[in-house]
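Here's the structure we're looking at; comments come further down.
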Amino acid sequence: MALKHFLDTQDFSKKELLDMIELSRMIKAADKQGCTPHLLEGASLAMIFEEPSTRTRVSFEVAMTELGGHALYLKPGEIHLGVRESLHDTAKVLSRMNDVIMARTLKHETITGLAQYADVPVINGLTDYNHPTQVVCDVMTMMEHLPAGKKLEDTHVTFIGDATNVLSSLMLICTKLGMHFTHAAPKKYQAPAEWVNWAQANCAESDGTLTITDDPVAAVKQADFIYTDLWWWVGQEDQIPERRAAFMPDYQVSLKLFNQAPAHAKFMHCLPASRGVEATDEVMDHPRSIIFDQSENRLHTEKGLLVYFVYPRMKHPSEALKAFHQGKVEAFLNQPQTGLVK
Ligand code: CP
């Protein structure tokens, strides 16, 4: 199988993205019956993190274990990543010892550089531009929580808040899949023109729609799902007063704003959250909040993505071939002259 990386949902068709989700749903159904198939038996995942993580790190590591493989956690500062060794050399070495690489990098160029030189699939675990594994999970979660009989293509998703890397990926996957996407934020914090152009091009192909507004109340009126994310990230601490003043109180997902949405609307957040900032506790813990279903689905979708990208590239030797090689090594070890086995 040709080498494919998962760096951006824009690199994939609607059908390919839906196949990834369908695979994840099948593996989740098997897991719920206690029988996750060992599709990645003996495979190894190198996980590079330049930033901390709870969900991405744990979901990928558990996914590999449950699929019969293994994951290595390479924490921030642990390996030579473009500092004492070039990205080229790191990518080549990791490719010789692993079947797949997942990386969370500060700069998007770092992961594209890794992918350029890697000889195994590279999966994007978040960069300063996007978070594609998160949004595959999010769409699967939406499918599980759609009102009965509603099609994905008729679904309205509203993101309230800063134009984060999660916003970019969510806007792009929803418009690619033909959904109706709205982003509500103060003008200064709306998505850059380049992202909007890509999303509009998606809509032209998919019949989806894109609305950008600074009116949060109008934005939630038709929403099936209301999504938010942090208003500031590590490194933006000096902007906190300015950002808080821009977003609070109108863009906080409070019960007052949530109640402006249809009575079936569900609340989503990729987490981690700053409770009481971008969303109140009342909404985070509301009966129609699905934030922990979303988190759990990171595990099921990481399995689906790992299987999608890795399984077709693995060798699948017969039991006879495995027995032949084991027998050959054992025969060598058992020769009296080797002195290895007494
Ligand atoms: N949503 C998400 O990616 O969480 P982590 O930063 O904990 O991995």
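For ligands, and for the atoms within them, numbers begin at 1 and follow the listed sequence. Scope of the values below: all heavy atoms of this structure, side chains included, with no hydrogens, waters or symmetry mates.
Taking 4.0 Å as the cut-off, Arg57 does not count as a neighbour of ligand 1 on heavy-atom distance.
Scanning all protein heavy atoms for the shortest distance to atom 7 (O) of ligand 1 gives Thr54 N, 2.7 Å. With respect to atom 4 (O) of ligand 1, the closest heavy atom belonging to the protein is Arg55 NE, 2.9 Å. Of the protein's non-hydrogen atoms, Leu271 O, 2.8 Å is the one closest to atom 1 (N) of ligand 1. Shortest contact from atom 6 (O) of ligand 1 to any protein heavy atom: Arg104 NH1, 2.9 Å. The protein heavy atom nearest to atom 3 (O) of ligand 1 is His131 NE2, 2.8 Å.
Between Phe258 and His286, the gap from one ring centroid to the other is short of 6.0 Å. A distance below 6.0 Å separates the ring centres of Phe12 and Phe309.
Here CE of Met102 is found 8.5 Å from CD1 of Ile111. Values are rounded to the nearest 0.5 Å.
Taking 4.0 Å as the cut-off between side-chain N and carboxylate O, Glu66 and Lys303 count as a salt-bridged pair. With respect to Asp285 and Arg275, a salt bridge is recorded, a charged nitrogen being found less than 4.0 Å from a carboxylate O.
Each of the atoms 1 (N), 2 (C), 3 (O) of ligand 1 lies under 4.0 Å from some heavy atom of Arg298.
The shortest N or O to N or O distance between Cys270 and ligand 1 is below 3.5 Å.
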Test Leu172 against Trp198 for side chain to side chain contact (heavy atoms under 4.5 Å, CB included), laying out the working first.
CA-CA 7 Å; Leu172 291 172; Trp198 294 334; 3.7 Å; yes
